[in-house]
Each structure stands twice: as structure tokens, then as C-alpha cells.
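In what follows, chains are A, B, ... by sequence order, proteins preceding strands, each numbered from 1.
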Protein chains: 2
Amino acid sequence: MVSIKDIAKKAGVSISTVSYALNGSSKVTDETSSKILAIARELNYVPNAAARTLKKRESRILGVFLTDFKGDVYGELLDGMKEVCNSQGYDLIVCSGKQSHRMLPERMIDGAVILDHTFSSEELLKYAERNHKIVVLDRELEHPNINQVLLDNKAGATLATEFLLEQGHKKIYVVSGPEGSYDSTQRMKAVKMVADRAEDVEWIEIQGDFKKSGGEKAAEQIMQEYTEPVAVFCLNDEMAIGLCNRIADTEFKIGEHVHLIGFDNIELTRYMQPRLATIDYSKRKWGALASEQLIKIMSGEKVDHERIYVTLVKGDSVGTETTRSLPRPN
Amino acid sequence: MVSIKDIAKKAGVSISTVSYALNGSSKVTDETSSKILAIARELNYVPNAAARTLKKRESRILGVFLTDFKGDVYGELLDGMKEVCNSQGYDLIVCSGKQSHRMLPERMIDGAVILDHTFSSEELLKYAERNHKIVVLDRELEHPNINQVLLDNKAGATLATEFLLEQGHKKIYVVSGPEGSYDSTQRMKAVKMVADRAEDVEWIEIQGDFKKSGGEKAAEQIMQEYTEPVAVFCLNDEMAIGLCNRIADTEFKIGEHVHLIGFDNIELTRYMQPRLATIDYSKRKWGALASEQLIKIMSGEKVDHERIYVTLVKGDSVGTETTRSLPRPN
DNA sequence: TTGTAGGCGTTATCAC
DNA sequence: GTGATAACGCCTACAA
């Protein structure tokens, strides 16, 4: 490995002069500087990240932690994060799994964005307590070194539920996310609030998992119990897709027998037939804002928690309840 | 930050004793050792990754470089990589974008897996020349420090094309990937080979981009030129999905007017109506193998290039050509 | 069994 | 403007 020491030797100067030249300090003559730069290029010199990080006590790398690498929500979110990070001179790395947690306490990264419910809040608080900077996207956590950028789950679930009610639906299945998911809990709470306040509305929770398989299972149960048209609120789009596809094998029709709305507005919903009604928000903005907040708290700036606003996307997957007595197909 | 120096002071021993104890060396008494460990825990000691990396000249981190964070192929592939990495005591980080390239030459990571055609081969060879270890998944590149783990594109495209021919199709549109994509070029070459060898077969290339939008555009052209049923080979599933969805808005029917086959067997194809015919391979195995090869060449082991085998998945998106004169709908 | 000391590659504070 | 020199936190001969 070629180090500044090698360059110094070859250039006949000291290592400090080399360091200055390499870092573009104005303290060194243009002449010496260009000579050093030339030699550095000639020797294929590349600075050593570990040494720099050790000395400067910062790596200029930010990490984002995901539950897993699958999931349709992540793509744009990560792109949003990357954009902001890069523009601020940081690199972004994506990590998953318990093993990678060490990156934060061992100071391989300067800060972390968390979207991983397997990362316990105790662990996060422990790190925050040791002065590591963290932004959480998937929980509420109060600490001077932690900032929250959360989806407005309550507004989203309220919009979705009210939309179903407005269309005249009286029986609503709600397919939830996995145990312990903050998003699921929050959305569920809002549904309950709205539905309980309405007259004559019955709502039934089906335990889901935020994956396609959960939607499929829910479809089975719903069709089994079917007596008349029902509304279904899948707490994310992936389950809605699973549900749709299970139902596509039957005579039941989405938007007629089963009125369906999702949450997330993932790209695929644009392509579904009929178009899935869902709750939209900017994933790119979510990621960008998370990175911004992280960089701010790292620089010592005091910032408030942020919220990502949501909107309703209507779609033919939810029809008006004009066909109360539509019979069970076949 | 608490370092081994602090522990040493508190324990009344030297820093080397602390280091030995922390690394489980048998050279230190159980008594001293447990005392040191207790103090380390008490002080919330966490080793500093940069210092360890600098000294040991390895980070135990492997990096994978992707063109972008979107893309349905990546999830399982990354999981496959992560599994192998972790089991071998390595961490995996996912990077994207030109800025992050520095991770390799600056020795932040011990090795890299490349699935990013924006990473030039010259750059990769340069790094390989400086003794960095690399596994490429998206090109052919010969160097002692580079290993290839490539899809058997030729076999896949041949299987797909032959399947269309067996079903009696005589006119085949091929929707390609973006300019410069190795996978696209290889697949295209195989199609040409098979189709040209067959009698009476006409094939037409449509320039695509491996994204949904490319499939949509291809759909427009195909419908415009339509006179009788045609076959279409989209060189990846994402374009096939775009094509399907564009066609779903019309009276044309997949599997009747347009016989469609894709490539990749991404999860979503399972849910399409009709089921998309495609080429399958294990993404998880691809990732796992890539990691294994990387770790092997890093340990100085000499390994051959590897190939990921593919199979044909039939689906109702390709019907038999019994309806040669099916008229143009509406 | 434990301590001393040198060095990994870099930055940064001093002198000169 | 340039050069010694001392860290940064850790590992590891070698010495005691």
C-alpha cells in the first residue's frame, strides 16, 4: 500500500507537506503542491479511510438499517436518502441484520437511520445515550440524540376508512401488520376511532403480516364468511396485492363483491386492474427528510420531529355500495 | 470515547493486557481477564472499528454495488449474500452511486461484488490491479483478482425462444435492455442464433430499458403493427409487466393476440393473470455464490468462474398458435 | 503472566 | 512555506 510517507520520500519533502498539498491547503507553494500531486497520481495513491476516520473521528458515512432487503417501499426511499447524503458530502450504506448493528457503536458510520423493527428501542436508546445520532422512521422515541420522521399514519388510516364509509360500506375488514409494528398499531387505532364513531358500522380485524401471504390468507377468510359485499382495508399495499390475486382465481370481483383499499401507493398499484385505492406519500421525500434531519442533529442543530403527510388515492377497487344484496358468486 | 487505555487505567494493568483479555487470549489469567471484562462492560467499552481496521489491515466488511436501489431482483440476491457473509464473519453493506466507489480503493471494505453497469470495467481492472478482490455479476472480465458469477443468459434466452417456436409462433418481437447491458446483449445474441436457424421465423428487435416503461412503449408499437397473433420475448420480467399492463387497457388479450414470455421470474409474475411464462433462476443462490467466491479469492484460493443455471417456467401468457388469423380486436 | 514499545496511515500543532 | 513530532485506538513482537 502506498502512503503519504512514500510520496514524501519520492518528492523529497516531509509527510506534513504532502498532507497539506493533498488536502489543498494554501500554505504550500503551487510548485511543491503540483509536484506532490503528480507523484501521488503516478504512484496511484489512495488515502486510507480507516486512518482518516481514526484521526478525524468521523467517517463521513451514514448508515440506514432495514428489516430486510425485500420490500417495495425501499427503493425510492433509499434514493431520496442517497441524494441528500451525497449532496452533503456523505456516503450512504445500507445494512440489514443484527450483525451489522455494530457499525454504529464502533463508529464505522457517523449516524444511522432506522427502519427496522427488529432493532430494539432499548438498544437505540443505549446508543443515543453514548452520543450517537439516530433518526427513527418506525417508532416514537424521545431522546436529544434521536429524531423522528414518521408517516402520518393516523391521517392515512382515517382518510381510507372515511372513504370506505362515504361509499356506503358498513362492514369493514381490516388486515393488520405484524405484531409489534408501530405503523400497524397506529393505523389500526385510527380505524377503530373512525369506525366506532360511525353508525351501524361493523369492523373486523384480521391479523396480517405486511406481506403478500397475509393478504392471501385474509382473502380466504373473507370469502368463506361472505354473505354480502364487504369493504377491506389492507394496512399496506403488499397485502392488498396478495388479496387481489387470491380473489382473481375466483368469481368474486374486486370493486363489486370486495371493495379494497391499501396503504403505501407502491408503484405496482398503478398497474392493477382495477386500480387499487390506497394512501399515498412521497417515499423519496421521506428518505430525503430523514437524511437531512440526521445531518442536522449531527451538526449539533436542534430540530423538531417531522411528519410525512399523506393523501388518498381513489381507485376502482372501491365501488359505491349500491349493490347491497349482490349474491355470493358461484 | 472509552478506549482500552481507560480500561487499563481503571484495572491497574497495561493496555496490552487489556487487549489480550478482550481478544480472549489464553496468555492472561482468568482472574485478570474477568476483572478486565467486567470493567469493560461497566464502562460501556466498544472497540473502535477504524483503529482495528487500520492495524489489522482488514475491515471484515464486504460491499455490493448496485445500479440503483429499485429493482425487484435485488431483494433475494442480497439476502443470499448477507447469509453467506454473516456466516463467515463478514458484514455486508449495500452501496449505489459513483461517490461510493471509494469504499473499495480506500479499503473501507475488504472486497466487492459488482452488479452495476455504470461501474466501468476500466475502473474495476484498475482496482484489481492494485490487489483488490472483486466478483462481477454483470460482465465478463478476466483478471486474477476478479471472479465472475454470471447468469446463463444464453441458455435462458434459448429456452425462451425455443418455447415460442415450439408453440408454433413465427413472428417474434424481442424487447431488449438498455444500451451496454451485458445481460441484454447476451440474451439477444442467443435469440438471434435460435431464430435465424429456424425456418420461416421473423424476429424484430425493439429497444427497451429493462424498466416497465420500456414494456409499455413496446406494447404501443406492437399493437400498432398488429395484423395477426404475435409472440413477444421481453428480455426481463419488468418490461413484460409494463407490456401486460398497457395491453390490459385494450381489447388485446395476452396469451391470445400477444404471446408473452419474460426473464427473471420475479415474485410478482406468480400473481399475474395469466401467469407469465419466464426464465427462472435462484437469485438467492446467485448472491450466496457471489459472496462465497469473493471470500475464497480473498483468502488466496484459486477459483473458476461460476455460472447460474436457468430453467423455463411455462405460463398461460404463451398459448399455442392455433389461431393464426385471430383478427385485430375492436 | 504481564508490561514496554513500535507502528498501522493520517491529521494537526508546533517550531523553524 | 516546510518539517518534526505527537496523537487517534488498537495489535503484537519482544522483554521482563
### Task
Looking at every strand, decide which applies to A:S3 at a 4.0 Å heavy-atom threshold: base, sugar-phosphate, or nothing.
sugar-phosphate
Exactly one candidate in B:L141, B:L124, B:N145 meets side chain to side chain contact (heavy atoms under 4.5 Å, CB included) with B:I134; the answer is B:L124
Heavy atoms of other groups near B:K211 NZ, more than 12 under 6.0 Å
no
Got more than 12 heavy atoms from elsewhere within 6.0 Å of NZ, A:K70? yes
Here the distance between atom C1' of C:dC8 and atom CD of B:E106, to the nearest Å, is 16 Å
Atom NZ of A:K9 and atom P of D:dG3 are separated, to the nearest Å, by 15 Å
Residues at least two apart in sequence or cross-chain that pass salt bridge (charged side-chain N to carboxylate O under 4.0 Å, His left out) with B:E83, listed by chain then number, are B:R284
Contacts satisfying ring pair (Phe, Tyr, Trp, His ring centres under 6.0 Å) that involve residues 122-151 of chain A (not counting sequence neighbours) are none
Donor-acceptor pair, side chain of A:D110 and main chain of A:E58, under 3.5 angstrom: no
Short side-chain N/O contact from A:S16 to OP1 or OP2 of D:dG3, under 4.0 Å: no
Rounded to whole Å, the CG-C1' distance (B:N23 to D:dT12) equals 10 Å
Side-chain atoms of B:N48 come closest, of C:dA5, C:dT10, D:dG9, to D:dG9
In numerical order, the residues of residues 27-42 of chain B whose heavy atoms come under 4.0 Å of DNA chain C are B:K27, B:V28, B:T29, B:T32
Contacts of B:Y281 meeting ring-ring contact (aromatic ring centres under 6.0 Å, His included) (sequence neighbours excluded), chain-then-number -> B:W286
Contacts of A:S14 and B:R52 projected onto DNA chain D by closest heavy atom; the upstream (5') one is A:S14
Can you name the atoms? Protein N/O to nucleotides 6-8 of chain D N/O, anything below 3.5 Å, with the distance.
{"from": "D:dA7", "atom 1": "N3", "to": "A:K55", "atom 2": "NZ", "distance (Å)": "3.0"}
{"from": "D:dC8", "atom 1": "O3'", "to": "A:R57", "atom 2": "NH2", "distance (Å)": "3.2"}

Review point. With no angle test and no hydrogens, is the base of C:dT13 tied to the side chain of A:Y20 by a donor-acceptor pair under 3.5 Å?
Key: yes
Separation of C:dT10 atom C1' from A:L22 atom CG, nearest Å, is 10 Å
Quiz question: by atom type and distance under 3.5 Å, do the side chains of A:E142 and A:H305 form a donor-acceptor pair? yes
Taken to the nearest whole Å, CZ/B:R60 to C1'/D:dC10 is 17 Å
From OH of B:Y45 across to C1' of D:dC11 the rounded distance in Å is 11 Å
When rounded to whole Å, the CD to C1' distance for the pair A:E58 and C:dA12 reads 15 Å
So the ring pair (Phe, Tyr, Trp, His ring centres under 6.0 Å) pairs with at least one residue in residues 102-122 of chain A (sequence neighbours excluded) are A:F65-A:F119, A:H101-A:F119
